[in-house]
Amino acid sequence: MRILVMSDCHGSRRAVETVLFRHSDINTVFYLGDGIEDFFAVAEFFKGKNYYAVSGNCDWNSLYPSLGEAVLEGVRIIYTHGHRYGVKYGNEKLYEAAVNTKAQLVLYGHTHKAEAVYSDGIYFVNPGALHGARAGHEGYAVIDITEKGIVPSLMRL
């Protein structure tokens with residue numbers, strides 16, 4: 001199974017559209033907040049996909065939760081924007097949440113810095129930002145979940 005992970009479009013519907021067109025073959029999409037209304041305005045034109053989404057600190061009055069859980073291909077995933085976990089100062093609180101929920105994959109945004117880290121049997125993947133990257137370039141992530149393991153890839157927009 002292949003999943004697509006995006007975060008922090010901050011109004012750039014064009015960025016969302018570009019990624020969804022580029023990966024039209026991927027049917028499972030995670031959006032990690034900050035621009036959730038813009039994300040779904042574009043996603044509406046990409047029917048037949050399974051969308052998982054959480055709100056971020058800039059998604060005022062959003063009805064979406066700030067944390068979600070999913071199990072795909074036997075892999076327990078937690079996903080969040082990250083602001084409620086202090087991710088700008090480290091992943092300790094995310095690690096604790098992953099251990100408490102027995103998650104094998106943690107998806108988060110907020111920092112606008114892409115990274116994929118493996119620690120103590122848990123993958124932590126931040127796709128970076130679709131708009132306003134703070135280090136490097138705008139980007140997103142594609143993650144393969146196979147019977148042999150989890151393979152995250154950080155992609156340039």
Side-chain angles (χ1 to χ4, degrees), residues 1-10 15-16 19-20 22-36 39-40 43 46 48-59 62 64-157:
M1 168 180 248
R2 181 168 269 192
I3 64 174
L4 183 59
V5 184
M6 294 181 269
S7 187
D8 295 279
C9 79
H10 292 284
V16 174
V19 174
L20 288 174
R22 188 178 290 169
H23 298 283
S24 61
D25 60 320
I26 298 177
N27 293 322
T28 303
V29 180
F30 285 82
Y31 188 75
L32 306 177
D34 279 4
I36 198 164
F39 173 78
F40 277 113
F46 293 84
K49 296 186 182 297
N50 298 310
Y51 292 105
Y52 298 84
V54 289
S55 62
N57 59 301
C58 293
D59 293 317
S62 172
Y64 284 86
S66 62
L67 176 69
E69 294 185 38
V71 177
L72 301 174
E73 300 290 316
V75 173
R76 180 169 300 281
I77 302 167
I78 60 172
Y79 54 102
T80 185
H81 183 62
H83 62 294
R84 296 182 189 265
Y85 292 87
V87 297
K88 288 187 177 180
Y89 308 103
N91 289 346
E92 292 81 14
K93 290 180 181 178
L94 276 182
Y95 177 80
E96 185 178 312
V99 168
N100 288 340
T101 60
K102 296 181 173 55
Q104 298 143 286
L105 176 59
V106 177
L107 307 175
Y108 70 100
H110 189 55
T111 66
H112 291 220
K113 292 169 58 177
E115 71 175 352
V117 175
Y118 182 74
S119 178
D120 294 331
I122 305 167
Y123 285 91
F124 295 85
V125 179
N126 184 327
L130 290 175
H131 181 72
R134 294 204 174 105
H137 52 80
E138 277 75 19
Y140 58 97
V142 173
I143 302 172
D144 290 299
I145 300 174
T146 71
E147 57 189 44
K148 292 186 179 188
I150 298 168
V151 181
S153 299
L154 301 175
M155 313 293 285
R156 286 180 180 249
L157 185 59

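In this text the structure is predicted, and so the values were computed from the model without any measurement. We number each residue from 1, following the sequence as shown.
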Please walk me through it: do Val87 and Phe124 pass side chain to side chain contact (heavy atoms under 4.5 Å, CB included)? CA-CA 11 Å; Val87 297; Phe124 295 85; over 6 Å; no
After noting the C-alpha distance and the side-chain angles of Leu20 and Met6, does the key distance pass the side chain to side chain contact (heavy atoms under 4.5 Å, CB included) rule? CA-CA 10 Å; Leu20 288 174; Met6 294 181 269; 3.8 Å; yes
Begin from the C-alpha positions of Arg22 and Met155 and carry the test side chain to side chain contact (heavy atoms under 4.5 Å, CB included) through to its verdict. CA-CA 11 Å; Arg22 188 178 290 169; Met155 313 293 285; 5.8 Å; no
Derivation and outcome, side chain to side chain contact (heavy atoms under 4.5 Å, CB included), residues His81 and Ser7: CA-CA 8 Å; His81 183 62; Ser7 187; 4.0 Å; yes
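Residues His10 and Tyr31 approach most closely at N-OH, 4.5 Å, considering heavy atoms. The minimum heavy-atom distance linking Ala53 with Pro65 is given by the pair O-CD, 4.4 Å. Between Tyr140 and Val5 the shortest heavy-atom distance is CB-O, 3.3 Å. When all heavy atoms of Phe39 and Val16 are compared, the pair lying nearest together is CD1-CG1, 3.6 Å. Nearest heavy-atom pair, Ala141 versus Leu154, reported as atom, atom and distance to 0.1 Å: CB-CD2, 4.2 Å. Residues Met1 and Thr28 come closest through the heavy atom pair CE-OG1, 3.5 Å.
Within 6.0 Å of atom CZ in Arg156, 12 or fewer heavy atoms from other residues, nucleotides or ligands are found, so the atom counts as exposed in its surroundings. More than 12 heavy atoms of other residues, nucleotides or ligands sit less than 6.0 Å from atom CD of Glu69. For Lys49, the NZ atom counts as densely surrounded, since its 6.0 Å shell holds more than 12 non-hydrogen atoms of other residues, nucleotides or ligands. At most 12 heavy atoms of other shown residues, nucleotides or ligands fall within 6.0 angstrom of atom NE2 in His131.
Under the 4.5 Å side-chain criterion, counting only non-hydrogen atoms from C-beta, Glu138 is not in contact with Leu130. Inter-residue side-chain proximity for Ile122 and Leu94 is flagged as unmet; no heavy-atom pair is nearer than 4.5 Å. Residues Leu67 and Tyr85 meet the side-chain proximity criterion, which asks for heavy atoms closer than 4.5 Å. The shortest distance between side-chain heavy atoms of Val106 and Tyr95 does not fall below 4.5 Å.
Note that CG of Asn57 and OG of Ser66 are 10.5 Å apart. Values are rounded to the nearest 0.5 Å. With rounding to the nearest 0.5 angstrom, the CG atom of Asn91 is 4.0 Å from the OH atom of Tyr108. Taking CD of Glu73 as the start and CD of Glu147 as the end, the distance is 9.5 Å to the nearest 0.5 Å. Atoms CG and CZ, on Leu105 and Arg76 in that order, are 12.0 Å from each other to the nearest 0.5 Å.
Between Val75 and the choices Ile77, Val71, Leu72, the side-chain contact (heavy atoms from CB on, under 4.5 Å) rule is met once, by Ile77. With Val19 as reference, Leu157 is the one residue of Ile26, Val142, Leu157 to meet the side-chain contact (heavy atoms from CB on, under 4.5 Å) rule. With Leu107 as reference, Ile143 is the one residue of Val54, Ile143, Ile78 to meet the side-chain contact (heavy atoms from CB on, under 4.5 Å) rule.
Under the rule for a side chain to side chain contact (heavy atoms under 4.5 Å, CB included), the partners of Ser55 that lie at least two apart in sequence or sit in another chain are Asp59, Ser62, Tyr64. Listed by chain and residue number, nothing satisfies the side-chain hydrogen bond (donor to acceptor under 3.5 Å, both in side chains) test with Asn50 (two or more places apart in sequence, or in another chain).
Remark: side-chain polar atoms of His112 are not paired, donor with acceptor, to backbone N or O of Ala129 under 3.5 angstrom. For Asp8 (side chain) and Gly35 (main-chain N/O), no donor-acceptor pair under 3.5 Å exists by modelled atom type.
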